[in-house]
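Reviewing the structure listed below.
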Amino acid sequence: MIYGARQVGKTYIVKEFGKTEFKNLVYINCYKNHVVKEIFEEDINIPRIITQLSALSNEEIQPEETLIFFDEVQEIPEIVGSLKYFFEDAPEYAVIAAGSLLGVMDLGNISFPTGKVNMLHMYPMTFIEFLEALNEDKKLDLIFKDLQKTPNPLSQKYEELLREYYFVGGMPEAVNDFRQNKSPVRVRNIQNEILNAYYSDIAKHAGNQTQRCHQIFENIPSQLAKENKKFIFGALKKGARASEFELAIQWLVDAGLVYKINRVSKVELPLSFYVNNEGFKLFLLDVGLLGALSQVPSSIALIGNGLFTEYKGAFTENYLLSQLVTLFPQKGITYFAKENSKVEIDFVVQLEDKIIPIEVKAEDNVKSKSLRQFITIDNKEKNLKGLRFSMKGFIDQDWMVNVPLWAVIPYLNGYLKDKREV
């Protein structure tokens, strides 16, 4: 089962996989498909279902040679329940189910096939995938090869490409159009259409939480613009309480539209033991959509360093998180803040028995007082080493490594590989 927000490219990638890796593909779109619904409502007899799907698609379904792809599967919960029986009674058939709202679908009395399916979360394209789409393959190779070269002669070009990514983001339709037309107007129109589709999904599926979901979603840019990015309920409306909005926040998280990063009050293993549910930050799933939701003019985004300076942490933190979630479990990404103290660490992640404090700086003018104090004074006995992502070049110090923002994925891929091998 592949899940993720609408428009991240689930349908495209599964179809391509089916065409290249199987003899044939049977594609079943479940959206308003009453015939398929009737097939699965009758009973869960896999041979009968295979025969009827074959007749419906006019394709012969062969074991191990045909990929059966159920798209928008949230529209027919019975298909989700049937995956258990495909696994147990007909493992010779290859089946993929995908949907944009699997996290919030109502299965009713249908049991989820726990342990019978592999779950894959699909995210918007990372910055590295953005470069691949723009055919910047040579620069991509150099990022991996010359990561630690300082000064890097191509750093200015990497920054220009990163600025483009901040504006375009990683939604495949926006990336593809930008690759073909280089039109900021067209990209922004696509982004607004995606946002409108999200609003429609909220209205259709969030029930009595619809209005609260809209309030939270629209409020994210102003929350991220604050120096202290802890989510403040009072910014939604005067006197707002957490209990009033917690269900709406969870709906947005489960739908894949926002990321919720909890605060930890103590940096010990495992981090999950020290999560403080009263403090959290909310981020949008894609930095390009954040720009559209914020109505940031394309001139500021694409010319000069506007997004790196005027909007500082809002876009840079959202960008970094959108890369981190592709490498770390989302629940394993936290941030640290002390009560009655200015010491705050933007992100803290756990990698097996290692704790990694991460600081994000939007520019090359960096000061890391909080990170330095956190590592060298407050947690000196833990022998931590911090990561700072900024516009400066690669720097390796005793207590911290600085990595350019354009090299997040290459560096972390190497970092994770080294740590896991140890």
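Starting from 1, each residue takes its place in the sequence as its number. Everything numeric here is computed off the predicted structure, so don't read it as measured data.
E41 meets the side chain to side chain donor-acceptor pair (under 3.5 Å) test with K37; sequence neighbours excluded. For P270, the side-chain contact (heavy atoms from CB on, under 4.5 Å) partners two or more places apart in sequence, or in a different chain, are S272, F273, Q350. Shown here are the ring pair (Phe, Tyr, Trp, His ring centres under 6.0 Å) partners of F22, two or more places apart in sequence or in another chain: F17. Every residue two or more places apart in sequence or in another chain was checked for a salt bridge (charged side-chain N to carboxylate O under 4.0 Å, His left out) with E16, and none qualifies. With sequence neighbours excluded, the residues that form a salt bridge (charged side-chain N to carboxylate O under 4.0 Å, His left out) with R6 are D201. By the side chain to side chain donor-acceptor pair (under 3.5 Å) test, K237 pairs with E244, sequence neighbours left out. For Q7, the side-chain contact (heavy atoms from CB on, under 4.5 Å) criterion is met by M171, E173, I194, not counting sequence neighbours. With sequence neighbours excluded, the residues forming a side-chain contact (heavy atoms from CB on, under 4.5 Å) with D378 are K338, V343, Q373, listed by chain and number. Under the side chain to side chain donor-acceptor pair (under 3.5 Å) criterion, E72 pairs with Q74, sequence neighbours left out. Every residue two or more places apart in sequence or in another chain that forms a side chain to side chain donor-acceptor pair (under 3.5 Å) with K385 is listed here: D396.
Between Q215 and R212, the side chains place no donor N or O within less than 3.5 Å of an acceptor N or O (distance only, hydrogens not considered).
With K116 contributing its side chain and E88 its backbone, the two residues share no donor-acceptor pair below 3.5 Å. The main-chain N or O of L284 is found under 3.5 Å from a side-chain atom of N318 such that the two form a donor-acceptor pair.
Between F245 and F231, the distance from one ring center to the other does not fall under 6.0 angstrom. Taking the six-membered ring for Trp and the full ring otherwise, the centers of F86 and Y93 sit at least 6.0 Å from each other.
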### Message
For N276 and S265: C-alpha separation, side-chain torsions, deciding distance, then whether side chain to side chain donor-acceptor pair (under 3.5 Å) applies.
### Response
CA-CA 6 Å; N276 184 328; S265 55; 5.2 Å; no
### Task
May I have the step-by-step check of side chain to side chain donor-acceptor pair (under 3.5 Å) for N176 and R179, ending in yes or no?
CA-CA 5 Å; N176 188 49; R179 177 181 66 85; 2.7 Å; yes
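Using bins of under 30°, 30° to 60° and over 60° for the plane-to-plane angle, the ring pair F394/Y411 lands in the tilted bin.
For the salt bridge (charged side-chain N to carboxylate O under 4.0 Å, His left out) condition, the pairs that include at least one residue of residues 267-291, sequence neighbours left out, are E268-K382, K281-E317. Applying the side-chain hydrogen bond (donor to acceptor under 3.5 Å, both in side chains) test to pairs two or more places apart or on separate chains, those with a residue in residues 44-60 are N24-E59, D43-R48, R48-Q52, E60-Q62.
Under the 6.0 Å distance and 45° angle rule, K15 counts as a cation-pi partner of Y27.
Residues K260 and N262 share a closest heavy-atom pair of CE-OD1, 3.4 Å.
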